[in-house]
2 protein chains.
Amino acid sequence: MVSAPKAGTLKNMTKIRGARERARGEITTAIKDEARRQLAAEGAAKLSLRAVARELGMVSSALYRYFPGRDDLLTALITDSYDALGGVAEAALEASAAQGDSHLARWQSVCRAVREWALAHPHEYALIYGSPVPGYAAPDSTTGPAARAALVLITIAADAHAAGALRVPGTAEAATGPAHAGTPHVPAAPTSVLQDARELTERLDVDLPAPVMAEMAAAWAQLFGLLSFELFGQFERVIEARDDLFDHAAVSLARGVGLA
Amino acid sequence: MVSAPKAGTLKNMTKIRGARERARGEITTAIKDEARRQLAAEGAAKLSLRAVARELGMVSSALYRYFPGRDDLLTALITDSYDALGGVAEAALEASAAQGDSHLARWQSVCRAVREWALAHPHEYALIYGSPVPGYAAPDSTTGPAARAALVLITIAADAHAAGALRVPGTAEAATGPAHAGTPHVPAAPTSVLQDARELTERLDVDLPAPVMAEMAAAWAQLFGLLSFELFGQFERVIEARDDLFDHAAVSLARGVGLA
DNA sequence: CAAGAACGAGAGCACTGCTCTTGAAACGGA
DNA sequence: TCCGTTTCAAGAGCAGTGCTCTCGTTCTTG
């Protein structure tokens with residue numbers, strides 16, 4: 001009835017003559033952008049399909065042509081966030097490596113980049129590393145992007161290992177440096193964990209001793225413990241020098257995986 | 001007509017008004033119990049005031065006599081959860097100490113107790129250590145219970161320090177053990193963090209060197225990084241031997257704060 | 001060019017948190 | 001014992017939500 005003059009309501013970003021598929025893609029990203037905006041403004045719990053549609057000048061039911069439901073919209077945002085974080089981490093490593101930084105310095109700049117992204121996008125961080133939504137189970141499509149950022153740190157360790165600059169936990173140091181004192185001896189993880197670590201190195205196709213990979217998994221989780229405490233307010237009125245604490249902990253973790 | 005009768009009632013209100021007050025208390029805990037049930041069943045996001053009221057055989061509006069709103073109910077659940085976790089940690093320490101365990105063994109059994117509570121009450125864990133609800137800001141009333149569990153680990157470190165069994169980060173070990181090799185030298189945190197740590201020891205009135213307290217803050221956060229990764233599914237299809245990884249990481253963290 | 005898929009609009013369902021009003025209890029001073 | 005005050009459960013109602021269904025229209029494709 002009245003729909004003819006309404007063609008331009010979508011900010012006429014989609015011209016009538018444009019291919020349907022392209023319009024679909026543009027509208028899809030427009031929806032995600034608006035959803036991300038609301039996410040940053042109010043948090044995931046207050047993300048409303050109707051509000052997104054309203055802001056986009058369309059009716060709520062029309063949104064279901066693009067996303068089967070609210071949870072699917074969230075899933076899309078989650079994978080996007082994983083990808084954004086992974087991209088940031090990769091860029092940081094690339095920049096640091098191009099600068100000729102040491103492996104430890106690369107580790108630290110990747111950690112810093114991750115933290116900066118998290119501080120800049122707290123709600124997206126909460127989306128991927130906070131409590132999962134009600135009955136939501138992350139589909140397998142998210143595991144790939146989720147591993148991207150972790151893979152960056154793993155790559156640093158693998159590079160260090162290839163360069164012979166990695167101390168492997170569980171081995172009494174004897175070869176390279178001065179063995180008199182001060183070089184910490186890190187005990188290796190139990191064999192069950194080492195088994196998981198071995199499978200992980202195979203799956204990721206990376207050349208890294210299992211004890212290192214095991215420490216890496218723990219370090220990765222611990223890193224996000226620090227971030228979550230900071231972002232979720234657990235350090236409020238407790239730790240003020242959060243940048244310094246994070247940096248300090250980051251090099252401690254690097255030492256834990258045998259780096260430097 | 002102003003406040004004449006109020007003077008008397010305010011004085012001994014808990015004694016005189018017995019039945020009403022007690023009924024109120026019972027209904028309040030009944031509401032919280034039912035809310036906790038729904039929390040465990042469906043998650044915080046699906047916690048519905050109306051459903052709680054329905055299950056309790058009352059009308060939704062009646063619930064507002066006991067809690068000003070949904071968020072206040074959540075707040076009550078949060079403080080309860082903090083208290084439960086704190087109680088579990090304290091009980092674990094007490095049992096371990098009574099058993100004559102070493103400081104490191106006490107640390108480990110407290111860590112295990114925390115993890116077991118978290119695994120048994122994942123939704124309550126998510127409530128206190130997951131992403132915060134929309135615009136919700138934890139009131140100051142939660143900081144006390146929140147610190148309880150952390151204080152248990154701090155106490156262990158303080159006891160070890162009093163017994164002279166604590167290695168302080170930043171100091172080159174020389175006194176007790178064989179100094180030839182293997183005793184790790186942990187660098188101290190930057191001074192800004194040490195300053196925060198010093199204030200923290202004063203506020204908590206505990207005798208602990210600032211470097212240790214700084215490592216303690218980091219270790220506390222990192223511990224929950226491991227827990228969150230496990231509970232929020234980040235270790236799914238990555239690490240299967242999660243018990244062993246946690247135990248291994250727990251003693252690593254203990255070493256980080258100078259314990260054993 | 002016409003069949004059919006994709007689409008936007010709208011009405012509607014069941015549900016939510018929350019407010020306001022009403023009438024009935026319980027309470028405590030007289 | 002009586003009566004005003006306070007507390008409470010109930011109900012109606014408002015605005016908002018996710019989601020489904022139907023209805024014409026529009027674009028695409030055989």
Side-chain angles (χ1 to χ4, degrees), chain A residues 1-28 30-31 35 38 42-75 133-136, chain B residues 1-28 30-31 35 38 42-75 133-136:
Chain A
M1 305 180 163
V2 226
S3 50
K6 290 252 184 167
T9 44
L10 280 177
K11 304 179 160 193
N12 60 13
M13 64 188 328
T14 133
K15 295 191 174 181
I16 299 294
R17 50 162 307 146
R20 212 161 213 181
E21 244 177 65
R22 207 168 75 197
R24 186 176 178 82
E26 284 174 6
I27 295 183
T28 302
I31 291 172
Q38 294 199 9
E42 298 271 19
K46 289 239 154 111
L47 205 178
S48 151
L49 266 184
R50 288 183 116 111
V52 170
R54 198 182 308 129
E55 208 71 18
L56 257 50
M58 55 202 301
V59 106
S60 74
S61 59
L63 244 162
Y64 286 82
R65 304 262 175 209
Y66 300 89
F67 293 95
R70 202 191 91 115
D71 287 4
D72 304 84
L73 213 191
L74 273 178
T75 299
V133 288
Y136 178 84
Chain B
M1 58 182 78
V2 196
S3 57
K6 288 256 187 163
T9 58
L10 182 138
K11 201 165 182 196
N12 41 13
M13 67 190 331
T14 67
K15 282 188 140 185
I16 298 293
R17 7 175 107 179
R20 269 242 256 259
E21 199 79 12
R22 209 169 63 207
R24 185 175 180 83
E26 282 173 8
I27 295 183
T28 303
I31 292 172
Q38 294 198 10
E42 297 272 20
K46 289 241 155 110
L47 205 176
S48 149
L49 267 185
R50 286 181 117 111
V52 170
R54 199 182 307 128
E55 209 70 18
L56 258 51
M58 55 202 303
V59 118
S60 73
S61 58
L63 243 162
Y64 286 83
R65 303 255 168 209
Y66 300 89
F67 293 95
R70 201 191 91 114
D71 287 4
D72 304 83
L73 213 190
L74 273 178
T75 300
V133 288
Y136 178 83

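Below, each value reflects all heavy atoms present in this structure, side chains not excepted, and no hydrogens, waters or symmetry copies. Convention: sequence-line order gives letters A, B, ...; per-chain numbering from 1.
Of the listed nucleotides (D/dC8, D/dC23, D/dG18), D/dC23 has the atom at the smallest distance from the side chain of A/Arg65. For B/Ser48, taking side-chain heavy atoms from C-beta onward, the closest of the listed nucleotides D/dA9, D/dG18, C/dG17 is C/dG17. Of the candidate nucleotides C/dA9, C/dC18, C/dT16, C/dC18 has the atom lying nearest to any side-chain atom of B/Arg70. Checking D/dC8, C/dG17, D/dG18 against the side-chain heavy atoms of B/Tyr64 singles out C/dG17 as nearest.
The backbone N or O of B/Leu47 lies less than 3.5 Å from a partner atom in the side chain of B/Arg70, making a donor-acceptor pair.
Note: CG (A/Leu63) to C1' (C/dG10) measures 15 Å, nearest angstrom. The separation between A/Arg22 atom CZ and D/dC27 atom P is 15 Å, rounded to whole Å. For the pair A/Ile31 CD1 and D/dG18 P, the interatomic distance rounds to 13 Å; values are reported in whole Å. In this structure, B/Leu49 places its CG atom 18 Å from P of D/dT17, rounding to the nearest Å. Rounded to an integer number of Å, the gap from CG of B/Leu56 to P of D/dA9 is 10 Å. Rounded to whole Å, the distance from CD on B/Glu55 to P on C/dC15 is 14 Å.
At least one side-chain heavy atom of B/Leu49 sits less than 4.5 Å from a side-chain heavy atom of B/Tyr64.
Nearest heavy-atom pair, B/Arg24 versus B/Arg65, reported as atom, atom and distance to 0.1 Å: NH2-O, 2.7 Å. Taking both residues in full, the closest heavy atoms of B/Ala53 and B/Ser60 are given as CB-CA, 3.7 Å, listed atom of the first, atom of the second, then distance. Between A/Met58 and A/Tyr66 the shortest heavy-atom distance is CE-CE1, 4.2 Å.
Heavy-atom distances to DNA chain D give each of A/Leu47 and B/Met58 a nearest nucleotide, and the one nearer the 5′ end belongs to B/Met58.
Of the inter-residue distances, the one linking B/Leu73 atom CG with B/Ile31 atom CD1 reads 7.0 Å to the nearest 0.5 angstrom.
Residue A/Tyr66 places no side-chain N or O under 4.0 Å from the OP1 or OP2 atom of C/dA6. Taking side-chain N and O atoms only, A/Arg24 has a distance below 4.0 Å to OP1 or OP2 of C/dC7. Note on A/Arg54: every side-chain N or O is 4.0 Å or more away from OP1 and OP2 of D/dA15.
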All N/O contacts under 3.5 Å from nucleotides 11-13 of chain C to the protein, with atom names and distances to one decimal?
residue, atom, partner, partner atom, Å
C/dG12, O6, A/Arg50, NH2, 3.3

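A side chain to side chain contact (heavy atoms under 4.5 Å, CB included) with A/Phe67 is found for one member of A/Thr28, A/Val52, A/Leu74 and no other, namely A/Thr28.
Among the heavy atoms of the strands lying under 4.0 Å from B/Ile27 are primed sugar atoms or P, OP1, OP2 only; no base atom is included.
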